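Bear in mind that the values here come from a model prediction, so they are computed numbers and not experimental data.
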Amino acid sequence: MIVRTIIAAMVTLVLFVLPVTEARAEVYASHVRITQEGTSDPFDGNFGDRTGAAIRFYLNDAADSVVINVVPLGGGTPLKTL
């Protein structure tokens, strides 16, 4: 019984002494769509008519902040970060 108590105390001490590490996971957007500003209609691809576009998406988990990188279709350096 005393040996079991000593082992339990040692395990508890080791767990308290070990460094604490932070576990992080990436949060991803799903169901991403580009729509007309203010509606759910698909974006017509025309900014010349002085209308904007809206980026709509769902996150797979809660997030404190969201960073959106606008990248050319062929890849490369982001053109804009929102």
In one Ile/Leu/Val/Met/Phe/Trp/Tyr side-chain cluster, 4.5 Å: Ile34, Leu59: yes
Can you tell me if Asn60 uses its side chain to pair, donor with acceptor, with the backbone of Val27 under 3.5 Å? no
What are the two closest non-hydrogen atoms of Asn69 and Pro78, and how far apart are they? CB-CB, 4.2 Å
Between CZ of Arg33 and CZ of Phe43, what distance do you get to the nearest 0.5 Å? 15.5 Å
Report the C-alpha separation of Asp61 and Tyr28 in whole Å, then their side-chain angles, then the decisive distance to 0.1 Å, and conclude whether the side chain to side chain contact (heavy atoms under 4.5 Å, CB included) test is met. CA-CA 8 Å; Asp61 202 354; Tyr28 294 97; over 6 Å; no
Is it true that Val32 and Ile68 fall in one hydrophobic cluster, defined by side-chain heavy atoms closer than 4.5 Å? yes
Measure the shortest side-chain to side-chain distance between Glu37 and Thr51 over non-hydrogen atoms and say whether it is less than 4.5 angstrom. no
Indicate if Ile55 and Leu79 have the same hydrophobic cluster label, given that clusters are the connected sets of ILVMFWY residues with side-chain heavy-atom separations under 4.5 angstrom. no
Would Val67 and Val70 show up in the same hydrophobic cluster when neighbours are defined by side-chain heavy atoms closer than 4.5 Å? no
Are any side-chain N or O atoms of Gln36 and backbone N or O atoms of Asp44, one a donor and one an acceptor, separated by less than 3.5 Å? yes
Within the supplied structure, the quantity of interest is the number of heavy atoms (other residues, nucleotides, ligands) at a distance under 6.0 Å from Asp64 CG; does it exceed 12? no
Which atom pair, heavy atoms only, marks the closest approach of Ser40 to Thr35? O-CG2, 3.9 Å
